[in-house]
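Report on one structure; see the data block that follows.
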Amino acid sequence: MLFVGHLSDRMLNPEPFATPWSASTQLRTADVEAMQRHLMRIGLYADKIDGKAGMKTRAALGAYQRSAGLKVDCWPGEAVLRSIGAAR
């Protein structure tokens with residue numbers, strides 16, 4: 001849906017986005033699994049450990065980010081991976 005909104009905006013006004021999309025990197029499956037294990041240990045995640053950043057994993061990451069004072073974006077990125085690694 002977001003794409004459709006952006007497309008219609010560009011059709012009405014061909015100017016570029018005011019803020020460019022930020023670059024994001026995908027973590028390795030093993031890193032996401034490690035995050036899921038840590039989130040499970042601290043009681044924020046109760047689903048399967050599969051290395052996939054689905055909705056339950058991302059919701060748990062958001063709760064972790066909030067509790068750790070990190071930027072809450074629910075994205076399994078390098079910053080949250082470092083924070084979880086330091087918390088072990």
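The basis for the numbers below is simple: all heavy atoms, side chains too, and nothing from hydrogens, waters or symmetry mates.
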Q.
For Glu78 and Leu27: C-alpha separation, side-chain torsions, deciding distance, then whether side chain to side chain contact (heavy atoms under 4.5 Å, CB included) applies.
A. CA-CA 8 Å; Glu78 291 291 331; Leu27 293 179; 3.2 Å; yes

Q) Roughly how far, to the nearest 0.5 Å, is CD1 of Ile49 from CE of Met35? A) 12.5 Å

Q.
Membership question, hydrophobic clusters at under 4.5 Å side-chain separation (ILVMFWY): are Val80 and Val72 in the same one?
A. no

Q: Find out whether Leu61 and Trp75 are in side-chain contact, i.e. whether some heavy atom of one side chain is under 4.5 Å from a heavy atom of the other.
A: no

Q. Side chains of Asp50 and Gln36: do they bring a donor and an acceptor to under 3.5 Å?
A. yes

Q.
Let me confirm one number: the CZ-CE distance from Arg37 to Met40, rounded to the nearest 0.5 Å.
A. 9.0 Å

Q. Taking a hydrophobic cluster as the set of Ile, Leu, Val, Met, Phe, Trp and Tyr residues connected by side-chain heavy atoms closer than 4.5 Å, whether directly or through intermediates, do Leu81 and Tyr45 fall within one such cluster?
A. yes

Q | Between OH on residue Tyr64 and CD1 on residue Ile42, distance to nearest 0.5 Å | A | 6.5 Å

Q. Is there side-chain contact between Ser83 and Leu70, with heavy atoms separated by less than 4.5 Å?
A. yes

Q) About how many Å separate CG of Asp47 and CE of Met55, when rounded to the nearest 0.5 Å? A) 12.5 Å

(Q) With rounding to the nearest 0.5 angstrom, report the NZ to CG distance, Lys56 to Leu44. (A) 14.5 Å

(Q) Measuring from atom CD of Glu33 to atom NZ of Lys48, what distance do you get when rounded to the nearest 0.5 angstrom? (A) 12.0 Å

**Q.** Validation row: Val32, Lys52 side chains within 4.5 angstrom (heavy atoms)
**A.** no

